[in-house]
Amino acid sequence: MGDTNGQVVAGGNGEGNRLDQLYHPIDVLIDKETDSLIICDWWNGRVVRWSRRSGTTQGEILIENISCWGLAMDDQRYLYISDTGKHEVRRYQIGDKNGTIVAGGNGKGAGLNQLNWPNYIFVDQQQTVYVSDNENHRVMKWNKGAKEGIVVAGGQGKGNALTQLYYPQGLFVDTLGTIYVADSRNQRVMRWPKGAKQGTVIVGGNGEGKGANQFNNPDGLSFDRHGNLYVVDCNNSRVQCFSI
């Protein structure tokens, strides 16, 4: 905290597909068990792992030939990956290359058993999978073992009403089942309590711009344990922090 300079922990050798390179990495998580980073290396169509130990100069490939976007890991260390090409989310044991479909997998579409460009995901302690179903302008919840999902935010077409989303991206779900979602084209972050038919705007919603209360395509989001909200403000090339 308070650093003005960062430190390169993965990549940093230009764009490319060598093991010491990344190309448009789009999501990352920390695997505490192995003290490593698991990275969705999107344009290389692979998921890679980089040890956080000093002296690490390259990563290892965990899964190849996947249009990966979002990553999550549950308490049993299962890895969940959204695939924007196959419109599905799969769960993997580390080392397993095939995985099991846990959301979507029935082609591109807007049915309750389908997804359209699933990007960011969140998995809770019950192994419930929440998915930002980007081009369907909704957030879906898939209970463990379910054959179809439930719309838990949006799903009323694209738009800026409180009942709507417009290309949702980053996602976080708290222990009460409240959903926080980066509503990217509406330049806002919304909160949807469990079971709510509409959300509330908690930050942004003031048009596209560079102001402290504005975004330009908010993308990823996360909370720290003090309840501070961090938002990747993509086209403003910055990360913003808000105390909610």
Side chain to side chain, [X] and [Y], heavy atoms closer than 4.5 Å:
{"X": "Val181", "Y": "Val189", "result": "no"}
{"X": "Leu79", "Y": "Arg91", "result": "no"}
{"X": "Asp27", "Y": "Ile39", "result": "no"}

Using the rule given for side-chain contact (heavy atoms from CB on, under 4.5 Å), can you reason through Arg191 versus Thr178, listing the C-alpha separation, both sets of side-chain angles and the distance that settles it, and then say yes or no?
CA-CA 7 Å; Arg191 173 168 54 206; Thr178 306; 3.4 Å; yes
Would you please say whether a donor-acceptor pair under 3.5 Å links the side chains of Tyr230 and Asp224?
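Present: a donor and an acceptor within the cut-off.
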Tell me, please, which residues at least two apart from [X] pass side chain to side chain donor-acceptor pair (under 3.5 Å).
{"X": "Ser51", "value": "none"}
{"X": "Glu33", "value": "none"}
{"X": "Asn236", "value": "Asp233"}

Name all pairs fulfilling the salt bridge (Lys or Arg N to Asp or Glu O under 4.0 Å) condition that reach into [range], sequence neighbours left out, sorted by first residue then second.
{"range": "residues 55-75", "answer": "Arg49-Glu60"}
{"range": "residues 37-47", "answer": "Asp41-Arg46"}
{"range": "residues 196-219", "answer": "none"}
{"range": "residues 166-186", "answer": "Asp183-Arg188"}

Any idea which heavy atoms bring [X] and [Y] closest together, and the distance?
{"X": "Gly104", "Y": "Ile101", "value": "O-CG2, 3.5 Å"}
{"X": "Thr34", "Y": "Arg53", "value": "O-NH1, 4.3 Å"}
{"X": "Pro118", "Y": "Thr84", "value": "O-CG2, 3.2 Å"}

With rounding to the nearest 0.5 Å, note down the distance linking [atom1] in [X] to [atom2] in [Y].
{"X": "Asn228", "Y": "Cys241", "atom1": "CG", "atom2": "SG", "answer": "4.5 Å"}
{"X": "Ile81", "Y": "Leu71", "atom1": "CD1", "atom2": "CG", "answer": "6.0 Å"}
{"X": "Ser222", "Y": "Leu229", "atom1": "OG", "atom2": "CG", "answer": "8.5 Å"}

Residues two or more places apart in sequence or in another chain: which of them pass salt bridge (Lys or Arg N to Asp or Glu O under 4.0 Å) with Asp20?
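If we apply the salt bridge (Lys or Arg N to Asp or Glu O under 4.0 Å) test to Asp20, skipping adjacent residues, the hits are Arg18.
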Report the C-alpha distance between Gln198 and Gln164 in whole Å, list the side-chain angles of each, state the deciding distance to 0.1 Å, and finish with yes or no for side-chain hydrogen bond (donor to acceptor under 3.5 Å, both in side chains).
CA-CA 8 Å; Gln198 66 176 46; Gln164 292 177 304; over 6 Å; no
Residues in side chain to side chain contact (heavy atoms under 4.5 Å, CB included) with Asn119, at least two apart?
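Testing Asn119 for side chain to side chain contact (heavy atoms under 4.5 Å, CB included), a comparison that skips the adjacent residues, returns Trp69, Trp117, Ser132, Asn134, Gln169.
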Gln126: which residues meet the side chain to side chain contact (heavy atoms under 4.5 Å, CB included) condition with it, sequence neighbours left out?
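Residues passing side chain to side chain contact (heavy atoms under 4.5 Å, CB included) with Gln126: Asp124, Thr128.
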Is Arg77 salt-bridged to Asp31, going by a charged N under 4.0 Å from an acidic O?
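Answer for the salt bridge query: yes.
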What about Tyr180 and Phe223, are their ring centers closer than 6.0 Å?
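When the ring centroids of Tyr180 and Phe223 are compared, they turn out to be within the sub-6.0 Å range.
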Test question: given the 4.5 Å side-chain rule for I, L, V, M, F, W and Y, name all other residues clustered with Tyr78, or answer none.
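Tyr78 shares its hydrophobic cluster with Tyr80, Val89, Val102, Leu112, Leu115, Ile121, Val123, Val129, Val131, Met140, Trp142, Val151.
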Residues clustering with Val8 (ILVMFWY side chains joined when closer than 4.5 Å, directly or via others)
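Val8 shares its hydrophobic cluster with no other residue.
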Step by step, work out the side-chain hydrogen bond (donor to acceptor under 3.5 Å, both in side chains) result for Tyr166 and Asn160.
CA-CA 7 Å; Tyr166 193 1; Asn160 63 3; over 6 Å; no
Name the orientation class of the two ring planes belonging to His24 and Trp42 (parallel below 30°, tilted from 30 to 60°, perpendicular beyond 60°).
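Rings of His24 and Trp42: perpendicular, over 60°.
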